Amino acid sequence: MQDSAWGWLIITYLFLAGAGSGAFIAAVACDLLAPDWSKTLARAGSLVSGPLVVIGTLCLVLDLEAGFWQPWRQIYMVNNLRSMISWGFIILSIFIPIALVYAAALNEITFVGKLAQKYITIIEIIGSIFAVATATYTGVLIAVVNGVPFWNTPLMPVLFLASAISTGLAAAMIVAAIIDVNTIKTLSNFALGHVIFLSVEALVLMLFVFMSLTRSTEAAASAGMLISGMLSPYFWGLVVILGLVVPFILSVFEFLEYGQMPKSLVVGADILVLIGGMSIRALIVFSGTPPQII
Amino acid sequence: MPRYGIAIDSTKCVGCHSCRVACQNQNSLESNETFNWIKHRDRGRYPSYYKEFIPLQCNHCENAPCQRVCPTGATYTSKEGVVLVNPKTCVGCKYCMEACPYKMRIIDHRRGIVEKCRLCIELVRDGGTPACVTTCPTQVRIFGDLDDPKSAVSIFIAKTGAQPLRPDLGTIPKIFYKRS
Ligand code: SF4
Ligand code: SF4
């Protein structure tokens, strides 16, 4: 009998697809809602979105076996519309080109970018739909797995979407700080975004983990591993404290002090959000326990 | 068309692993690969304590989660109700391994595809019986057509009230167990 068939490559994929689609959503939100001072963040978000999802998808392909050595087999991967992998294949093939074209448009890269600028609104609307689809489907992908009762909850895609938005915003903020060092002051405006989305994520995570304690024996065993079992140091340390609480507090100060916070702390908070996002996915995968069958 | 299944009388299993070895030979598996497992469990208490051996293999579920999640359609159900993997289209994504609640699938890294118990379908189509069934020295397994009320397997299930493992999981398995 086989233990978990998926490992770090799939975890990395789940994380990068989430962060990439979240960065797209962050970029669109800045471009549409905020005045000129947020252009850097919109540019940064669009720049990192596509590449993150592409690297994530490469991890997914690397995890294939026959489909990796004989890539032509991958055309079969859209054969079964009851399979979330088939849907993922379709969603990613649409989202990745849109994200790359959007980056070209906002950053005026080549003639493609100039051309795309004319259709920017339509790219933003369709792109956002597929960004949400990408982030959500990664949660559905594992939520429908019968082999792991812990994952079988509609809260899973909600958690993945919330985490995608906070990690996406974090990735966009880090890149914004890199491409424009003076932008740090304006980034304080987005600290509020972190405060909101980290709260939502924490709430959904709490519901998911604690409600699992009564869902089924197996789900309770998995949740127990996270709360007080073997994986609890990682869960409380990496996910809750470093990934949620510390960046939450830093973001509150960042917002209140408005631009006075040292750059290292601003970027530090974002890096912690990314670490938390990766850790929560790893822990969800590794805490999965199959039904007791005998 | 027959609808094949197996009834397993675990009270007769002595844990000798003959079925596993026969299966490995039948399917040219390496020594560390297998399509069937013998798990054991402590039952009863002193003075009637005993160890129960439970042979496990793919249940050829009628409502198979492995088939539902397979993106390529490589996992399919044959006309005889046997759940099979097409080695030509499987990409090795391992989604089916995660989805199987019984964890009855393995990945063959040499061929890059997922494999599992095939109920020795080639042998069966030629009128034979799966290797694990014929080889068992205590005749734990009874193979046959579940739709034929006069088959040995149907009679055994009717007589003993044998049940699938964890029927509450809803996959409708075709391997039945008499466990006491
Ligand atoms: S036991 Fe597992 S591999 Fe076999 S048919 Fe059922 S779900 Fe599929
Ligand atoms: S590993 Fe093969 S059989 Fe299993 S889900 Fe993927 S393509 Fe289907």
Side-chain angles (χ1 to χ4, degrees), chain A residues 1-7 9-10 13 59-92 137 140-152 216-218 284-285 288-294, chain B residues 10 34 36-41 52-57 59 61 63-76 86-114 116 164-166 168-171 173 177 179:
Chain A
M1 292 175 39
Q2 200 79 23
D3 286 334
S4 179
W6 285 345
L9 281 171
I10 295 291
Y13 161 69
C59 292
L60 187 69
V61 172
L62 268 177
D63 192 64
L64 297 179
E65 305 221 356
F68 178 69
W69 301 114
Q70 302 174 349
W72 59 88
R73 284 184 186 227
Q74 287 172 30
I75 55 165
Y76 302 124
M77 287 178 76
V78 289
N79 275 357
N80 178 7
L81 289 185
R82 292 196 300 161
S83 170
M84 283 318 293
I85 291 192
S86 291
W87 281 107
F89 199 95
I90 297 167
I91 293 170
L92 289 172
Y137 115 84
V140 183
L141 178 79
I142 71 166
V144 298
V145 163
N146 303 48
V148 185
F150 184 45
W151 299 347
N152 302 157
S216 67
T217 333
E218 298 84 10
I284 287 174
V285 168
T289 352
Q292 183 73 39
I293 57 164
I294 54 169
Chain B
S10 78
T34 180
N36 56 51
W37 290 263
I38 318 293
K39 293 281 159 189
H40 53 81
R41 200 180 152 166
E52 180 195 14
F53 293 99
I54 308 136
L56 300 168
Q57 68 201 92
N59 289 289
C61 306
N63 179 18
C66 55
Q67 180 174 351
R68 174 174 53 80
V69 302
C70 175
T72 61
T75 293
Y76 67 102
N86 179 350
K88 293 203 182 68
T89 52
C90 173
V91 289
C93 69
K94 303 178 278 289
Y95 201 14
C96 53
M97 295 174 68
E98 289 289 345
C100 170
Y102 298 93
K103 294 284 165 275
M104 288 297 140
R105 294 181 156 238
I106 57 171
I107 175 107
D108 172 351
H109 291 295
R110 286 164 302 163
R111 295 200 290 160
I113 59 169
V114 162
K116 62 180 219 25
L165 295 174
R166 291 294 305 267
D168 59 302
L169 296 173
T171 65
Y177 289 79
R179 295 183 62 183

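Because the structure is a prediction, the values reported are computed rather than measured.
- Contact of the A:Asn80 side chain with the B:Pro71 side chain is not registered, since no non-hydrogen atoms from C-beta on lie closer than 4.5 Å.
- Closest non-hydrogen pair, A:Asn146 versus B:Ala99, comes out as CB-O, 3.4 Å.
- The minimum heavy-atom distance between A:Ile294 and B:Leu56, with the atom names listed, is CG2-CD2, 3.9 Å.
- With rounding to the nearest 0.5 Å, the separation of CD1 in A:Ile75 from OG1 in B:Thr72 is 11.0 Å.
- Residues meeting the side chain to side chain donor-acceptor pair (under 3.5 Å) test with B:Asn59, sequence neighbours left out: none.
- Inter-residue side-chain proximity for A:Pro291 and B:Leu169 is flagged as met; some heavy-atom pair is nearer than 4.5 Å.
- The contact between B:Cys100 and chain A is made entirely by backbone atoms, counting heavy-atom distances below 4.5 Å.
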Give the intermediate values and the outcome of side-chain contact (heavy atoms from CB on, under 4.5 Å) for residues B:Cys93 and A:Asp63. CA-CA 7 Å; B:Cys93 69; A:Asp63 192 64; over 6 Å; no
side-chain contact (heavy atoms from CB on, under 4.5 Å) between B:Tyr95 and A:Met84, intermediate numbers included: CA-CA 9 Å; B:Tyr95 201 14; A:Met84 283 318 293; 3.6 Å; yes
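- Using a 4.5 Å cut-off between heavy atoms, A:Gln70 does not touch chain B at all.
- Salt-bridge check for A:Glu65 with B:Lys94: passed, with a basic side-chain N closer than 4.0 Å to an acidic carboxylate O.
- Contact record, B:Cys90 with A:Ala66: O-CB, 3.6 Å, taken as the closest heavy-atom pair.
- A:Gln292 has its side chain out of reach of B:Leu165: every pair of non-hydrogen atoms, C-beta onward, lies at least 4.5 Å apart.
- Across every non-hydrogen atom of A:Tyr76 and B:Lys88, the tightest pair is CE1-O, 4.0 Å.
- Under the side chain to side chain donor-acceptor pair (under 3.5 Å) criterion, B:Glu52 pairs with B:Ser10, B:Arg43, B:Arg179, sequence neighbours left out.
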Evaluate A:Ile10 against B:Glu98 for side-chain contact (heavy atoms from CB on, under 4.5 Å), listing each step before the verdict. CA-CA 12 Å; A:Ile10 295 291; B:Glu98 289 289 345; over 6 Å; no
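- Proximity to chain B is limited to the side chain of A:Trp151, based on heavy atoms less than 4.5 angstrom apart.
- Here the CD1 atom belonging to A:Ile293 is positioned 8.5 Å from the CD1 atom belonging to B:Ile54, to the nearest 0.5 angstrom.
- Of the atoms belonging to A:Val144, heavy atoms from both backbone and side chain fall under 4.5 Å from chain B.
- A:Ser83 is not listed as a side-chain neighbour of B:Arg68, based on a closest heavy-atom distance of 4.5 Å or more.
- Rounding to the nearest 0.5 angstrom, the gap separating the CE atom in A:Met77 from the SG atom in B:Cys70 is 9.5 Å.
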